[in-house]
Amino acid sequence: MRWSQTLIPTLKEDPSDAEIVSHKLMLRAGLIRKLSAGAYSYLPLGLRSLNKIINIVREEMDAAGAAEVLMPVLQPAELWRESGRFDGFGDLMCRFTDRAGRVNVLGPTHEEVITSIVRDSLNSYRQLPVTLYQIQTKFRDEVRPRFGVLRSREFQMKDAYSFDVDEAGLGHSYKAMYDAYCRIFSRCGLKYRPVEADTGLIGGDVSHEFMVPAESGEDIMLSCAKCGYDANAERAECPPTKDAQGPCDSGLAGKSNVREVSTPGAHTVEQVCKFLNTEPAQLIKTLIYMADGKPVAVLVRGDREINQAKLQRFLKAGTLEMASAVTILDVTGGPLGFSGPVGLKLRMVADWSVWPMKDFVTGANKADTHLVEVNLGKDFKIEEFSDLRMAKEGDRCPRCEGTLALTHGIEVGHVFKLGTKYSSKMNALFRTEKGEQKPMVMGCYGIGINRIMASAIELYHDEHGVIWPMSIAPYQVIIVSLRQDDEQIMGAAKKIYENLQKVGVEVLWDDRDLAPGVKFNDADLIGIPIRVTVGNKVVKAGTVDVKPRSAKEQVPVFHAGAVEAVTEMLQKYTCG
RNA sequence: CGGGGCGUAGCUCAGCUUGGCUAGAGCGCUUGGUUUGGGACCAAGAGGUCCCGGGUUCAAAUCCCGGCGCCCCGACCA
């Protein structure tokens with residue numbers, strides 16, 4: 001392709017509405033343009049890279065034995081009511097009512113659709129296992145789209161779904177996808193780590209996310225250098241410490257020493273600590289949640305945070321939200337900020353961090369009042385303890401004696417063992433060898449295509465622009481011709497351009513009549529891996545210069561040998 | 001959804017506090033000329049719904065009210 005015939009609108013300055021480096025560079029290099037918040041057009045260069053990623057994904061899915069399908073974006077709400085997710089997804093799902101008054105959604109994911117297809121088409125163990133996938137646009141009405149294409153309302157996803165007869169079968173399907181994902185990310189040139197993950201709205205028991213380490217990543221991973229444990233912070237386990245092995249009601253025998261103290265205006269942990277001259281770790285926070293509409297008191301040590309995902313799983317709640325101030329007053333008798341477990345007539349659950357605590361501070365369910373020297377067993381009882389807190393940097397590793405370290409990351413893929421969550425609700429059944437009917441055992445597997453592109457740029461760039469990995473670069477080679485009015489130069493450039501195309505090299509020829517500096521800077525900005533410069537030297541010495549984008553120095557070669565030099569370099573820089 | 005910021009030429013922004021003449025700069029664009037291996041120079045030129053609507057005023061980019069859009073932080077989140 002000649003630059004003069006395509007659309008590559010590069011920008012000299014950073015666009016004002018971009019914050020992170022991949023977003024800035026994608027706009028500046030003319031890969032994308034924003035239409036509205038969270039909706040982007042892909043221009044020729046961006047689309048070429050996107051398609052290269054899609055090709056890699058497709059090759060690896062096919063190699064892993066998955067079959068490609070294409071399902072509708074437009075889906076009836078009814079289908080989502082079957083699985084029970086119509087409400088679960090809430091406003092995250094784009095919905096509209098059609099002319100006949102039917103409620104429709106734009107698919108945020110396709111578990112329901114694929115399950116409805118499979119339940120009608122497969123009914124015997126003889127037909128299983130099967131893995132189906134598609135590559136398609138997904139819609140999510142995100143609360144806050146941001147970071148360019150990293151969190152957008154419309155994006156490209158590869159989603160795959162496996163159907164097996166049992167858990168063991170699912171294990172194999174899951175492994176096959178997991179391995180395919182590793183190959184895909186490697187071939188795209190990414191650094192990545194699979195980590196244990198929470199299953200969120202998709203559901204299921206086991207899941208792994210594939211994370212690209214990046215400062216700008218929205219996700220936080222906690223990892224143990226000692227044993228290799230690696231998990232998303234929202235998933236990372238916080239098992240009970242050794243202290244929690246013993247009785248938590250150690251003070252049961254003695255008399256209660258609880259005293260009320262006045263703490264006017266102190267309703268945050270910090271304020272209370274300052275007032276009572278104590279530490280957050282000596283407080284118990286009592287949070288009131290509404291789980292499926294019923295109030296629950298949740299206790300955690302004052303210096304820790306509740307992990308809502310863990311809580312929701314423990315309570316097996318369909319919906320979970322923090323109670324309003326009005327509700328808190330109603331169920332505890334005290335205002336927001338002064339809740340405590342003593343005398344509370346609610347379901348109470350506590351994080352393990354509460355277990356070993358003694359003589360602690362709690363709210364008194366009374367305005368401007370706290371209780372001190374409170375003890376478990378003596379003053380109140382907790383029947384249910386569990387791991388409910390958010391893990392954080394510096395915590396003990398749940399698997400060994402190591403310490404957890406923190407890294408930010410971009411989630412580029414996520415694999416789930418769903419089990420029978422969808423198949424049983426939606427009646428996707430099959431007949432076993434013995435003639436019994438059983439729900440299929442499912443897995444689902446997603447890759448964010450656009451995120452692969454953005455995270456590659458996050459990983460590989462310098463102050464001049466993008467440095468594409470060869471496998472997903474829009475073009476492999478860029479020819480920069482320096483004098484558009486010089487027949488010898490243009491003739492040599494054209495010959496190299498045509499000969500490279502003949503041997504199947506993807507080449508962009510910058511044939512624009514612009515100053516050399518402009519063209520070099522644009523070439524650096526768009527980051528094509530190999531640059532061939534054709535200028536005066538071809539006239540004077542018969543040479544052109546070949547330079548990898550990632551290298552500082554260029555090497556002169558005779559123009560007749562340029563194609564050979566380039567193809568040699570191509571091999572050197574191609575990974576996977 | 002809470003908090004903050006922004007909206008003026010294709011892009012980046014100044015002007016707004018303290019209302020006033022024809023609304024500005026740099027880059028980009030057009031034409032002519034000179035240049036040509038790292039964002040060149042000279043000259044001439046085109047380009048505006050100052051986000052939208054209403055109000056105040058002799059007079060509004062500027063002040064007031066309402067709305068829309070975008071960005072950031074938080075809450076939330078495959």
Please confirm whether the backbone N or O of A/Tyr445 pairs with a side-chain atom of A/Tyr181, one donor and one acceptor, at under 3.5 Å? yes
Whether A/Arg235 and A/Glu209 form a salt bridge (side-chain N of Lys/Arg under 4.0 Å from carboxylate O of Asp/Glu) is what I want to check. no
Whole angstrom is fine here: how far is it from CD in A/Glu305 over to C1' in B/C76? 15 Å
Taking any heavy-atom pair under 4.0 Å as a contact, classify A/Arg451: base, sugar-phosphate, or nothing. base
Could you measure between the two C1' atoms, the one in B/C42 and the one in B/C72, and give it in whole Å? 44 Å
Taken to the nearest whole Å, CD/A/Glu111 to C1'/B/A78 is 9 Å
Counting the atoms with a prime plus P, OP1 and OP2 as sugar-phosphate, which does A/Gln554 contact under 4.0 Å by heavy atoms, base, sugar-phosphate, or nothing? base
What nucleotide, of B/A78, B/C71, B/U36, holds the atom closest to the side chain of A/Asp17? B/C71
Go through the N and O atoms of the side chain of A/Asn536 and the base of B/G37, and report whether any donor-acceptor pair is under 3.5 Å. no
Of the candidate nucleotides B/C71, B/C76, B/A78, which contains the atom at the shortest distance from the side chain of A/Gln308? B/C76
Can you tell me how far P of B/A75 sits from CG of A/Leu287, to the nearest Å? 14 Å
Round to the nearest Å and state the distance from A/Ile479 atom CD1 to B/G37 atom C1'. 16 Å
Are the side chains of A/Val441 and A/Lys417 in touch, meaning some heavy atoms are under 4.5 Å apart? no
Would you state whether a donor and an acceptor, one from the side chain of A/Arg531 and one from the base of B/G38, lie under 3.5 Å apart? yes
What is the pairing partner of B/C68, taking Watson-Crick or G-U wobble pairs with both distances under 3.5 Å in any strand? B/G7
Any strand is fair game: report the nucleotide pairing with B/G37 by Watson-Crick or G-U wobble, both distances under 3.5 Å, or none. none
Can you confirm if the NZ or CZ of A/Arg451 lies within 45° of the ring axis of A/Phe147 and under 6.0 Å from the centre of its six-membered ring? no
So what's B/G74 paired with, Watson-Crick or G-U wobble, going by both distances under 3.5 Å? B/C1
Inter-nucleotide C1' distance (B/A23, B/G69), Å rounded: 23 Å
Need one value for A/Leu11: base, sugar-phosphate or nothing, where a base atom within 4.0 Å counts as base even if backbone is also close, heavy atoms only. nothing
NA contact type, A/Pro15, heavy-atom cut-off 4.0 Å: base, sugar-phosphate, or nothing? sugar-phosphate
P atom, B/C64 versus B/A75: distance in rounded Å? 33 Å
Please determine if a side-chain N or O atom of A/Lys12 lies less than 4.0 Å away from the OP1 or OP2 oxygen of B/G28. yes
If you measure from the P atom in B/C58 to the same atom in B/G2, how many Å do you get, rounded? 38 Å
Would you say A/Arg304 and A/Lys392 make side-chain contact, with heavy atoms under 4.5 Å? yes
Answer yes or no: side-chain N or O of A/Arg146 and base N or O of B/C71 forming a donor-acceptor pair under 3.5 Å. no
Which part of the nucleic acid, if any, lies within reach of A/Lys34 when heavy atoms closer than 4.0 Å are counted: base, sugar-phosphate only, or nothing? sugar-phosphate
Quick one: on RNA chain B, does A/Pro516 or A/Ser36 contact a more 5' nucleotide (nearest heavy atom)? A/Pro516
With heavy atoms under 4.0 Å as the rule, sort A/Thr533 into base, sugar-phosphate or nothing. base
When the distance from NZ of A/Lys138 to C1' of B/C77 is rounded to whole Å, what number comes out? 17 Å
Kindly point out which of B/C77, B/G74, B/C71 is positioned nearest to the side chain of A/Leu92? B/C77
Take A/Tyr40 and A/His23 through the ring pair (Phe, Tyr, Trp, His ring centres under 6.0 Å) test and state the conclusion after the steps. CA-CA 11 Å; A/Tyr40 289 85; A/His23 190 196; 5.7 Å; yes
Under 4.0 Å between any heavy atoms, over every strand shown, what does A/Asp486 touch: base, sugar-phosphate, or nothing? Just pick one. nothing
Considering only heavy atoms from C-beta outward, does the side chain of A/Asn536 approach that of A/Ile489 to under 4.5 Å? yes
What distance, rounded to whole Å, do you find between the two P atoms, one in B/G15 and one in B/C73? 26 Å
Does a side-chain heavy-atom distance below 4.5 Å link A/Lys547 with A/Thr533? no
Please pick, from B/G37, B/G39, B/A78, the nucleotide with the shortest atom-to-atom distance to any side-chain atom of A/Arg140. B/A78
Mind checking the P distance from B/A43 to B/G10? Whole angstroms is fine. 25 Å
Nucleotide forming a Watson-Crick or wobble pair with B/A59, both distances under 3.5 Å: none
Measuring only the C1' atom in each nucleotide, how far is B/G3 from B/U56? A whole number of Å is fine. 31 Å
Measure from the side-chain heavy atoms of A/Glu13 and tell me the nearest of B/G39, B/C11, B/C1. B/C11
Taking a pair to mean Watson-Crick or G-U wobble geometry with both distances below 3.5 Å, B/C50 pairs with none
A/Asp91 CG to B/C1 P, straight-line distance once rounded to whole Å: 9 Å
If the P atom of B/U31 is compared with that of B/G19, how far apart are they to the nearest Å? 45 Å
Side-chain N or O of A/Ser16 versus OP1/OP2 of B/C13: is the shortest distance under 4.0 Å? yes
Between P on B/C71 and CZ on A/Arg151, what's the gap in Å once rounded to a whole number? 14 Å
Measure from CD on A/Glu487 to P on B/U36 and round the result to the nearest Å. 18 Å
From C-beta outward on A/Arg144, which listed nucleotide comes closest to its side chain: B/A40, B/A78, B/C73? B/C73
The Watson-Crick or G-U wobble partner of B/A25, with both key distances under 3.5 Å, is B/U12
When A/Phe147 and A/His414 are each assigned the nearest nucleotide of RNA chain B, the 5'-most assignment goes to A/Phe147
Just wondering, more than 12 heavy atoms not from A/Glu215 lying within 6.0 Å of its CD? no
